[in-house]
Amino acid sequence: PGRRMMLQARIAYAEREGLGDADFEDRKVHWLIPVTAAGKLAGQPIPLAGGPIVHRLLQEAVRRVRPYLQFYQVIAEMPGFILELRQRFGELKRALVYPEQFTASVNFFIYVNDISLIYTAYQDILRSQGWADQEGMSWLAVQALEAKPELASGLDLLVVDGFEAF
């Protein structure tokens, strides 16, 4: 019970600070809370686009590419379609599939090409605004660690908390 309470206290501290180091049982532990820490790892604050903002940005992405859609043009702006896009893009992002990779994998299926156009437009909007969505925060953490591997050097344990889905 005592160790658990100490661990919980350190997690609470890490959540407040967004990023923290601690010694736990003689091990160097680095606490990383992705939502708040990814921007710190990247060296810049990254605002998180919440649910209503993501919905609006998806609507804008669809509006921008709608003239080029071949399969989904009729239903492109329907609420159910926007919700489905959000779920599918979340799956792609959690699998670390960037829009450029997805576009390169598109074959001759026009419906997949439509999804690729919308996915690319959505990510372009997020980037142009300097924002990230929940799933995009993991991208930022991966990019920061690839750019600066020393961020993870000298650690016995890296604790990552805050993921809602895998």
Closest heavy-atom contact between [X] and [Y]?
{"X": "Arg86", "Y": "Gly51", "result": "NH2-CA, 3.3 Å"}
{"X": "Leu96", "Y": "Gln101", "result": "O-OE1, 3.3 Å"}
{"X": "Ala49", "Y": "Val54", "result": "O-CG2, 3.4 Å"}

Taking [X] for its side chain and [Y] for its backbone only, find out whether a donor-acceptor pair lies under 3.5 Å.
{"X": "Ser116", "Y": "Val112", "result": "no"}
{"X": "Gln73", "Y": "Arg66", "result": "yes"}
{"X": "Asp114", "Y": "Leu69", "result": "no"}

Spatial distance of atom [atom1] ([X]) from atom [atom2] ([Y]) [nearest 0.5 Å]:
{"X": "Tyr119", "Y": "Leu92", "atom1": "OH", "atom2": "CG", "value": "4.5 Å"}
{"X": "Ile115", "Y": "Tyr122", "atom1": "CD1", "atom2": "OH", "value": "14.0 Å"}
{"X": "Thr120", "Y": "Arg64", "atom1": "OG1", "atom2": "CZ", "value": "12.5 Å"}
{"X": "Tyr68", "Y": "Ile118", "atom1": "OH", "atom2": "CD1", "value": "13.5 Å"}
{"X": "Tyr72", "Y": "Glu84", "atom1": "OH", "atom2": "CD", "value": "8.5 Å"}

Exercise for review: State plainly whether one hydrophobic cluster holds both Leu83 and Ile53, where clusters connect Ile, Leu, Val, Met, Phe, Trp and Tyr through side-chain heavy atoms under 4.5 angstrom apart.
Suggested key: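 Cluster IDs for Leu83 and Ile53 differ.
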Practice item. Mark yes when over 12 heavy atoms from residues, nucleotides or ligands other than Tyr98 sit less than 6.0 Å from its OH; otherwise mark no. Key: yes
Check your understanding: Between Arg94 and Glu91, does at least one N-O distance fall below 4.0 Å, as a salt bridge requires?
Key ->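 The answer is no: the pair does not qualify as a salt bridge.
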Exercise for review: May I ask you to say whether Asp133 pairs ionically with Lys93, meaning some side-chain N is under 4.0 Å from a carboxylate O?
Suggested key: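 So Asp133 pairs with Lys93 through a salt bridge.
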Practice item. Output all residues satisfying ring pair (Phe, Tyr, Trp, His ring centres under 6.0 Å) with Phe71, sequence neighbours left out; order by chain, then residue number. Key: Tyr111
Atom pairs and distances, side-chain donor-acceptor, residues 125-132, under 3.5 Å, sequence neighbours left out:
residue : atom : partner : partner atom : Å
Arg127  : NH1  : Glu100  : OE2          : 3.2
Ser128  : OG   : Asp124  : O            : 3.3
Ser128  : OG   : Ile125  : O            : 2.9

